[in-house]
Amino acid sequence: MLKNAIFATLLLFGLNNYSQEVAPPQVDLRIYDIIEAVSADEIEADIRRLAGFGTRNTFSDTVSDTRGIGAARRFIKADLEKISNDCNGCLDVFYQKDFVTKEGNNRVPKDAWVVNVVAVQKGTKYPNRYIIMSGDIDSRASNTMDFTTDAPGANDNASGMAGVMEAARVLSNYEFENSIVYLGLSGEEQGLFGGQGFAQMAKDEGWEIIGVLNNDMIGNIEGVDGVIDNRAFRIFSEPVPPTETENERNMRRYYGGEVDGISRQLARYVHRTTETYMPEMNPMMIYRLDRFGRGGHHRPFNDLGFAGIRIMEAHENYTQQHQDIRTEDGIEYGDVVEHVNFDYAAKLTAVNAITMASLAWAPPAPKEVAIGGIVEPSAKLKWEKVSGDNVAGYKVYWRETTAPQWEHSRYVGDVDNFTLEGIVIDNFFFGVSTVGKNGNESVVVFPSTTFRD
Ligand SMILES: [Zn+2]
């Protein structure tokens with residue numbers, strides 16, 4: 001009441017610009033600098049180095065300095081350590097590994113360590129909250145058990161790995177409130193082993209994961225369908241977590257949420273951030289975990305209940321994936337560097353970098369978001385406020401039930417509840433985000449409980 005009185009007084013004197021009710025900025029200008037800083041040349045150099053190790057099959061040579069996955073991971077680790085040196089040790093770089101055995105795994109040719117390369121940029125305010133960008137170190141030939149034949153994996157997935165390294169180079173010039181993880185995973189092609197091991201470690205150590213942006217093939221612009229497109233890309237997300245309880249499943253029948261799980265909200269965040277800052281791009285929300293019958297390294301995170309999505313090119317070329325290098329019936333098979341478009345890979349890397357920067361500069365999302373307004377003319381939302389001097393307030397979102405993306409939003413200030421007058425609860429879906437004073441926003445939270453008053 002007092003605040004309203006002050007606000008009224010300020011309005012009266014024409015001083016409303018100086019009141020607390022001014023909304024935070026719509027954009028953070030630093031984001032444009034980040035887009036500008038992502039270099040296609042750096043990405044090209046890293047893809048060429050990675051493809052140059054002959055094969056990066058998870059079970060390939062680990063001793064040679066010029067061939068095999070051992071040389072590849074040492075190169076990636078050394079590169080991230082160099083980036084860390086350039087920012088006064090701002091990255092904690094290390095290997096994380098798990099042992100896989102031939103026994104019980106029909107795609108494992110021999111026992112081996114699956115070794116991931118990790119670089120953590122610790123957040124200044126919320127060090128245990130992590131936003132993760134992942135790519136894959138490993139590659140494969142036509143036969144996934146074959147760990148000696150050349151498998152340059154330039155697009156699958158040196159492109160994603162190079163994107164991770166480039167994001168580290170760019171974002172290490174900034175400080176963030178939340179932690180960022182630059183992650184090179186291994187064992188992808190034989191069973192998502194690296195992701196499983198890392199996700200389990202994060203869970204065991206009690207990490208709060210804001211989201212995983214898994215990049216797998218971000219460099220091909222010429223599809224097997226003949227379409228050439230350097231603007232479109234896909235964001236895959238599963239509808240609801242596989243870890244939901246029977247009770248949560250039942251609740252959805254009555255209150256909705258079939259397409260509003262945490263990974264879907266993360267996907268919407270990537271989509272919106274891209275449209276805000278990189279309007280030349282054409283992000284596509286794909287309403288599924290991954291491509292039809294195929295998988296990727298975000299899945300092991302989803303399996304443990306973490307938000308995770310896959311970012312990738314819109315147009316794949318199957319003659320250039322998982323293929324021995326050869327010419328057959330006039331078709332050149334193989335995942336070679338010549339097919340990678342470095343400018344496009346840089347664009348998708350920038351999509352990741354700005355999403356991570358926005359999330360890492362944003363306060364945590366509101367907790368305990370609840371919705372009410374049954375048989376009433378207005379929808380009501382309430383939530384638990386986030387503490388922190390960086391919080392400006394909250395934003396309420398809503399959309400038609402058939403819309404893929406949030407359509408409407410209203411900044412409502414530093415309050416813990418809001419009534420959307422005249423908006424009937426039945427006809428829309430709703431969510432709430434936290435907005436930082438710098439304009440950066442958390443992921444939107446879909447209400448998990450209901451209330452009546
Ligand atoms: Zn693959």
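In listed order, ligands and their atoms are each counted from 1.
- An angle of 80° is found at the Zn ion (ligand 1) between His322 atom NE2 and Glu189 atom OE1, rounded to 10°.
- Here Asp216 does not reach the Zn ion (ligand 1): none of its N/O/S atoms is less than 2.8 Å from the metal.
- Among the backbone and side-chain atoms of Glu188, none of the N, O or S atoms lies under 2.8 Å from the Zn ion (ligand 1).
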Side-chain donor/acceptor pairs under 3.5 Å, residues 27-35, sequence neighbours excluded:
unit_1, atom_1, unit_2, atom_2, d
Asp28, OD1, Arg30, N, 3.1
Asp28, OD1, Arg30, NE, 3.0
Asp28, OD2, Arg30, NE, 3.3
Asp28, OD2, Arg30, NH2, 2.7
Asp28, OD2, Asn440, ND2, 2.8

Show every donor-acceptor pair shorter than 3.5 Å between a side-chain atom in residues 226-237 and any protein atom, with sequence neighbours excluded, or say none if there are none.
unit_1, atom_1, unit_2, atom_2, d
Asp229, OD1, Arg231, N, 2.8
Asp229, OD1, Ala232, N, 3.1
Arg231, NE, Glu280, O, 3.4
Arg234, NE, Glu313, O, 2.9
Arg234, NH2, Glu313, O, 3.2
Arg234, NH2, Glu316, OE2, 2.8
Ser237, OG, Arg264, NE, 2.7

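- Closest approach between the Zn ion (ligand 1) and any N/O/S atom of Asp156 involves OD2.
- No donor-acceptor pair closer than 3.5 Å links the side chain of Thr355 to the backbone N or O of Val270.
- Between the side chains of Asp156 and His322, at least one donor-acceptor pair of N or O atoms lies under 3.5 Å.
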